[in-house]
Number of protein chains: 4
Amino acid sequence: MKSNKPKYNQIIEAAVKVIAENGYHGSQVSKIAKAAGVADGTIYLYFKNKEDILVTVFKEKMGQFIEEIALATSMQENAEKKLFTLIDLHIRQLEKNHDLAIVTQLELRQSNYTLRRQINAVLKPYLTMIDVIIGEGIETKQFREDINVPLMRQMIFGTLDEIVTNWVMKEHKYNLVDQVPQIHALLIHGLRS
Amino acid sequence: MKSNKPKYNQIIEAAVKVIAENGYHGSQVSKIAKAAGVADGTIYLYFKNKEDILVTVFKEKMGQFIEEIALATSMQENAEKKLFTLIDLHIRQLEKNHDLAIVTQLELRQSNYTLRRQINAVLKPYLTMIDVIIGEGIETKQFREDINVPLMRQMIFGTLDEIVTNWVMKEHKYNLVDQVPQIHALLIHGLRS
Amino acid sequence: MKSNKPKYNQIIEAAVKVIAENGYHGSQVSKIAKAAGVADGTIYLYFKNKEDILVTVFKEKMGQFIEEIALATSMQENAEKKLFTLIDLHIRQLEKNHDLAIVTQLELRQSNYTLRRQINAVLKPYLTMIDVIIGEGIETKQFREDINVPLMRQMIFGTLDEIVTNWVMKEHKYNLVDQVPQIHALLIHGLRS
Amino acid sequence: MKSNKPKYNQIIEAAVKVIAENGYHGSQVSKIAKAAGVADGTIYLYFKNKEDILVTVFKEKMGQFIEEIALATSMQENAEKKLFTLIDLHIRQLEKNHDLAIVTQLELRQSNYTLRRQINAVLKPYLTMIDVIIGEGIETKQFREDINVPLMRQMIFGTLDEIVTNWVMKEHKYNLVDQVPQIHALLIHGLRS
DNA sequence: AATGAATGAGTCTTCATTCAT
DNA sequence: AATGAATGAAGACTCATTCAT
């Protein structure tokens, strides 16, 4: 696929790099074009408009992100382990890819409302995946019966998102993967002693 | 106090309203001025520039927000109850003020890096307050000894933030305060049955 | 006179200072008001508008300038000596007063066409004075009969103006008065050996 | 050459015309663009900013102006004739081109300090050319040995500049070229009978 | 398919001037 | 006479998008 549409991929990779380096508002179409080694006009042969580049960046990158997590969790035998795997890969993947983390945690959020809705749509399957894991945990009695699934999913996603965002804003100065067991424990056991 | 600087307050209130209605990028200075019933130039007698309006809106509103929570939690006798109060008021205050919720959860995040850092600075005391409550819980053995305080704080704040943001993006279609006890329970007990 | 209209004079002196220090375009009415120790509005009790301040500055200062030259030349016995005195005082007065020189040679020329015409009107008597001296020289046969008076006046004024402007632009780094005899000689004898 | 950069030249020609007609402060970028028959934004493909248009106008026009004088004087056999040619062409070229004369003598001087310095840099070779002619005259004993070259140059340039400026301010109501022999005579012989 | 020159809509900010006190 | 808070008009510049080549 990559070899079929080389410019398309060039542009997406350039966009991630340019946005991570220059910020959302400093990433003009002409700058992305230059980084991709194509003419400004060429961008519009592959993308409807600037917003479309950004949405596509998110779709492609998050698509891989989600797929990898989906695959890995499916190979775990129970909900608790699946949750651990999800946390681990969520954090591991973003920690591995600084540029992408900057783009997803900071820059893309500076977009307008329309783009935000599209980004949420891309995230939908991921959130559903979390819902399914929680549901499975409840069914198998690993998790409490009275758990409100959407609420618990917001807790899980909100926690992970906040943790990664903090790490990005602190300029990746500390190690994230090491905290995975603690995060998992907090989500499973809560605060109570 | 309000009567001393009427224009100042007019402008801040207008800014919240205009941003909530038109979004961050649709909120021209002239639109805010018009909504405040002052001339464009008057804005610049009270604010250094457009960004300064936004920072100030956040400072003033979050200042009250945080203060109210600080006061209420201080009157609770133990960490668990303090946490409940914090969750309750965090959600209650934003649910009560739709416009403010839109501004803090969605619009202000579309700002540039500089503004983001200033917003974080304003939030700092709130985050510290959470840290202190967790610390108190650990000392009094209400919470587990091995809890990583910053991590737990990110979990609490991330959860609340995600919950309110979801509610705003779903256009406030459901009741939030009702979920407070469940949120509290999840944070205290976690998923484990 | 000064004691009768203290604010009036305060404003004029402040204007010269502020313009010399901040340049024409950096000299807002409010800055002049502040330097003069009066309120912005007070300016408009004494001057019709901003342009009026500038014209008045020029009128007052150039009035003194011209008067002093008129007095001194009138005490010289012949045209050649009068010309020497005129050159000497023209240069001496501006060299003595750096701020005024900056204002007259550089800053006030950045004004618009209307102001320029008014400035020219103020200069008129000075130019006429030069004309009269040349005429006297011709009558007394000190100067050639076939001299075109306006042309010669333009030569004299143009020369002096250019010399002072160059000196101001070179930031007053050299001594001007020392050159007076040479200037006089050049105007009297020309280039020819 | 013109056909290679048509827009560039269109903009420069339009700028001279617009500034001559509307004055420096009345020449908005949009007005120049309209007169040049291009979009506002096109200006910025060829010029860094508004000031850059003005500096370029001066550079291009004065470049030609100076070159023509350099060529013509070089073909004269001695310093006195070279000086005559310089005076003649200085005045002839500006008299021929009313718009340019207005721009160089009046409007461009309303510019700020930065622009003024750049304009002076453009004039530098012209002033040097005058210096060289004077030096040559001294060497060949046409001119007096004791002449202060910079001073004499300021006298020549100041005289020409003042004469042209007066003519522009009098709205070109009289003939300038006719005065060339008189100007030359005054510079060569001075006032003395 | 690819180019890149050209377009032109859109906005924050300054500052001379006014006028109620 | 004096104040100074309030006014609001005015303009340079950017950048997403188009289209002739």
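Just so we're on the same page: letters track the sequence lines, and every chain starts at 1. Hydrogens, waters and symmetry mates play no part in the numbers below; they use all other heavy atoms, side chains included.
For D/Asn49 and A/Val29, each mapped to the nucleotide of DNA chain F holding its nearest heavy atom, the one lying further toward the 5' end belongs to D/Asn49. Between C/Glu51 and A/Thr42, the residue anchored nearer the 5' end of DNA chain E, judged by the nucleotide with its closest heavy atom, is A/Thr42. Nearest-nucleotide assignment on DNA chain F puts the 5′-proximal partner with C/Val38, out of D/Tyr44 and C/Val38.
Residue C/Lys50 contributes atom NZ, which lies 8 Å from atom P of E/dT17 at whole-angstrom precision. Atoms CD (C/Gln28) and C1' (E/dT13) sit 13 Å apart, rounded to a whole Å. Distance D/Ile53 CD1 to F/dA12 P: 9 Å, rounded to the nearest Å. Rounded to whole Å, atom C1' of F/dA1 lies 12 Å from atom CD1 of C/Ile11. Straight-line distance from the NZ atom of D/Lys31 to the C1' atom of F/dC13: 18 Å, rounded to whole Å. D/Ile32 has its CD1 atom 14 Å from the C1' atom of F/dC13, to the nearest Å. Across the protein-nucleic acid pair, C/Ile43 atom CD1 and E/dT18 atom P stand 13 Å apart, rounded to whole Å. One interatomic measurement links the two molecules: CZ of B/Phe47 to P of E/dC12, which rounds to 15 Å at whole-angstrom precision.
Classified by interplanar angle (parallel below 30°, tilted 30° to 60°, perpendicular above 60°), the ring pair A/Phe47/A/Tyr8 is parallel.
Checking E/dT13, F/dT7, F/dA12 against every side-chain atom of B/Leu45, the shortest atom distance belongs to F/dT7. Each of E/dT3, E/dG4, F/dA2 was ranked by its minimum atom distance to the side chain of A/Asp40; first place goes to E/dG4. Each of F/dA9, F/dA5, E/dT3 was ranked by its minimum atom distance to the side chain of A/Lys7; first place goes to E/dT3.
When both distances must be under 3.5 Å, the Watson-Crick or G-U wobble mate of F/dA12 is E/dT11. For E/dT21, the paired nucleotide is F/dA2, the pair qualifying as Watson-Crick or G-U wobble because both relevant distances are below 3.5 Å.
Of the side-chain N and O atoms in A/Ser30, none sit less than 4.0 angstrom from OP1 or OP2 of F/dC15. The side chain of D/Tyr46 contributes an N or O atom lying less than 4.0 Å from OP1 or OP2 of E/dA6.
Summarising the geometry of D/Phe58 relative to D/Thr104, their closest heavy-atom pair is CE1-CG2, 3.9 Å, with the distance given to 0.1 Å.
Atom CG in B/Asn22 sits 9.5 Å away from atom NZ in B/Lys17 (nearest 0.5 Å).
A donor-acceptor contact shorter than 3.5 Å links the side chain of D/Lys50 to the backbone of D/Ser27.
Considering A/Asn97, A/Leu94, A/Val168 as possible partners of A/Ile102, the one that fulfils the side-chain contact (heavy atoms from CB on, under 4.5 Å) test is A/Val168.
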